[in-house]
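Counting convention: from 1, in listed order, for ligands and their atoms alike. Note: hydrogens, waters and symmetry copies are ignored here, and every other heavy atom, side chains too, is used. Computed from a prediction, not measured in an experiment: that's the story for all the values here. Just so you know, residue 1 is the first one in the sequence shown, and it goes up from there.
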Amino acid sequence: MMSPPLGLYLHIPFCRQRCDFCAFYLEIHREGRAQAFVQSLIQEIGLSAQQHVAAGRPIQSVYIGGGTPTVLATTQLIAILSGIRTHLALASDCEITVEAHPSTISEQDLVQLLQAGITRMSFGAESMEDGDLARIGRPGAVCETVTAVTQARAAGFTNISLDLMYGLPGQSLEGWQRTLAYCLTLEPTHLSCYALTVEEDTRLASNIQRRRSPAPDEGLQIEMDEAAQRMLGDAGYERYEVSNYAKPGYACRHNLLYWTNGEYLGLGPSAQSYLDGTRFGNIADLATYDTSLAENRLPIADRIRLSEEEQLRDAVIFGLRLIHGIPTHRLHQHAANYGHAAITARLLAQQLIEEDGERSRLSARGRLQADTIAGQLY
Ligand code: SF4
C-alpha cells in the first residue's frame with residue numbers, strides 16, 4: 001500500500017528585528033548562535049530519521065519557514081538542505097519552499113537556492129505601501145519586494161508567492177485595493193492574504209492598549225476580504241483556502257497537508273509535528289534545543305495522542321476551510337461524536353456551511369467567520 005503524503009517543516013528561529021504584530025518564537029539573529037543552530041538542526045534531522053515513523057517515507061513537501069530563513073547565509077540553507085537529502089527520502093517532484101523577507105536576499109542567493117533545488121519562493125511583502133509597513137514596525141520597503149520578485153523570476157523561479165496582511169493600522173479599503181493591484185502587476189503564482197490579528201504580548205497589542213494605534217476594525221476587514229476575493233478572482237486566482245489564492249496548479253502542496261489533516265514532521269525550536277495520530281512539539285527555547293541535541297536527544301517538549309474522534313474533529317475543522325471541503329458524512333459523524341448536531345444544523349441554516357450533495361464547505365460568508373465557526377465545532 002502506498003504511504004500517505006508526508007511533509008517536512010523546518011523552523012528557522014531568527015529575524016533581524018521583531019515586527020510589532022509578531023508572536024512567533026524567534027531570536028534576534030546573531031552569527032554565532034545561527035551557526036550553532038544550523039549544526040543542531042542537521043543533528044535533529046539525522047536523529048529524527050532514525051527514530052520516527054517518518055523514516056523511509058518519501059517527503060512530498062519541505063517548507064523552510066520561521067522567523068526569517070534568509071537571515072541565514074545561503075551556504076547555511078544549502079547545508080540544511082543537504083542534511084535533509086542525506087537522512088530523509090525526498091520525492092522526485094518534492095515541493096521545496098523557502099520563506100524570505102525581501103530585504104534579506106540577493107540575486108546571487110536566489111540563483112544558488114534554485115540550483116540547490118528550492119522550487120518555490122515565498123516573500124513576506126505584507127503591504128505594497130511603505131506607510132503601512134512603518135505603522136506595523138515592519139522593516140524593509142516596497143521597492144525591495146519588487147526587486148526580490150523580479151530577481152527571483154530572472155534567476156529562474158517559476159513559483160513565487162507573496163504574503164499580505166490587511167486591516168493594518170491606518171489602512172483604508174482603497175489602500176488595500178492599491179496593494180492588491182500592485183501585487184498583481186508582479187504576477188505571483190500564489191498569494192496569501194491574512195487579516196491582521198492582535199496577539200497578546202506584542203508591541204502592537206501594547207500600542208492599541210495605550211491608544212497609540214487603532215484596533216483592527218472587523219467590519220472593514222470583511223470588506224477587504226471581499227475585495228481580495230473579487231480582485232484576485234477576476235485576475236484568475238482560485239481561492240482554495242480561507243486565506244490562500246493560487247493560479248491553477250499552484251496551490252501550496254505543503255499547506256494543503258495541514259488542511260487535509262495530513263502528516264508532517266516539524267523540526268527546529270517550537271516546530272509542531274503530526275504523525276501516526278500523535279501531535280508533538282519541540283521546545284520553544286533555542287538554548288535548551290541546542291543542549292538537547294548536543295546530548296543526542298530529540299528536543300520534544302510535549303506529545304498528545306489523538307483519539308479517532310479527535311482526529312476526525314481536526315479533519316473536519318481544517319477541511320471545511322478548503323474550497324473543495326470535506327465529505328458531508330464526515331461533518332455529520334463529527335457532529336454526532338461531539339453532540340454538535342444542533343450547532344451544525346444552525347450553521348447550515350444560516351448558510352455559513354454549505355452542502356452540495358456529497359461535500360460540505362464554508363460558504364463565502366462562512367469563510368469570513370472561519371475561526372469563530374471552528375471554535376463552535378471544536
Ligand atoms: S519577519 Fe516575520 S517572523 Fe520575523 S518578526 Fe516579522 S513577522 Fe515575525
Side-chain angles (χ1 to χ4, degrees), residues 9-31 33-34 37-38 41 63-74 76-77 80 97-106 109 113 120-149 152 160-169 171 179 183 188 190-208 213 216 243-244 252 254-255 258 266-272 281-282 284-286 289:
Y9 173 77
L10 303 180
H11 186 76
I12 310 297
F14 299 109
C15 286
R16 287 190 179 158
Q17 67 185 70
R18 186 179 281 277
C19 305
D20 287 359
F21 55 87
C22 181
F24 288 135
Y25 172 68
L26 57 90
E27 306 262 336
I28 300 305
H29 177 257
R30 302 269 177 273
E31 185 46 47
R33 298 205 78 182
F37 162 73
V38 170
L41 184 59
Y63 197 99
I64 306 179
T68 307
T70 46
V71 293
L72 295 183
T74 299
Q76 291 173 320
L77 287 172
I80 293 168
T97 303
V98 170
E99 273 183 353
H101 184 296
S103 66
T104 58
I105 196 151
S106 70
D109 295 326
L113 289 174
R120 185 172 181 274
M121 288 302 305
S122 175
F123 294 108
E126 313 315 343
S127 170
M128 299 304 278
E129 306 227 312
D130 283 325
D132 287 343
L133 299 178
R135 283 189 294 275
I136 53 171
R138 171 90 178 166
V142 169
C143 60
E144 291 172 324
T145 300
V146 176
T147 303
V149 172
I160 297 172
S161 178
L162 291 176
D163 273 9
L164 296 173
M165 292 173 69
Y166 59 89
L168 305 177
Q171 188 184 39
T179 275
C183 279
H190 185 280
L191 276 156
S192 300
C193 301
Y194 300 107
L196 176 71
T197 53
V198 183
E199 304 289 342
E200 274 178 37
D201 299 326
T202 56
R203 211 171 306 130
L204 177 66
S206 136
N207 288 345
I208 290 172
S213 190
S243 308
N244 285 280
C252 175
H254 186 78
N255 284 342
Y258 298 139
L267 306 180
S270 81
Q272 302 296 309
N282 277 353
D285 179 86
L286 185 56
Y289 172 84

> Does a side chain donor of either Q272 or Y9 reach within less than 3.5 Å of an acceptor in the other side chain?
Replying inline: no
>> I208: which residues meet the side-chain contact (heavy atoms from CB on, under 4.5 Å) condition with it, sequence neighbours left out?
In response: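 I208 satisfies side-chain contact (heavy atoms from CB on, under 4.5 Å) with V198, L204, S213, A215, P216 only.
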>> Which residues pass the side-chain contact (heavy atoms from CB on, under 4.5 Å) test with E31, not counting sequence neighbours?
In response: H29, Q35, Q76
> What count do you get for protein N/O/S atoms less than 2.8 Å from atom 6 (Fe) of ligand 1?
Replying inline: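 Protein heteroatoms (N, O, S) closer than 2.8 Å to atom 6 (Fe) of ligand 1 number 1.
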> Donor-acceptor pair, Y289 side chain versus S270 backbone, under 3.5 Å?
Replying inline: no
>> Do H101 and P139 make a side-chain contact, defined as non-hydrogen atoms from C-beta onward lying under 4.5 Å apart?
In response: yes
> Can you list the ligand 1 atoms lying under 4.0 Å from a non-hydrogen atom of G67?
Replying inline: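 Within the 4.0 Å cut-off of G67, ligand 1 contributes 3 (S).
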> Does S243 have any side chain to side chain donor-acceptor pair (under 3.5 Å) partners at least two apart in sequence or in another chain, and if so, which?
Replying inline: none
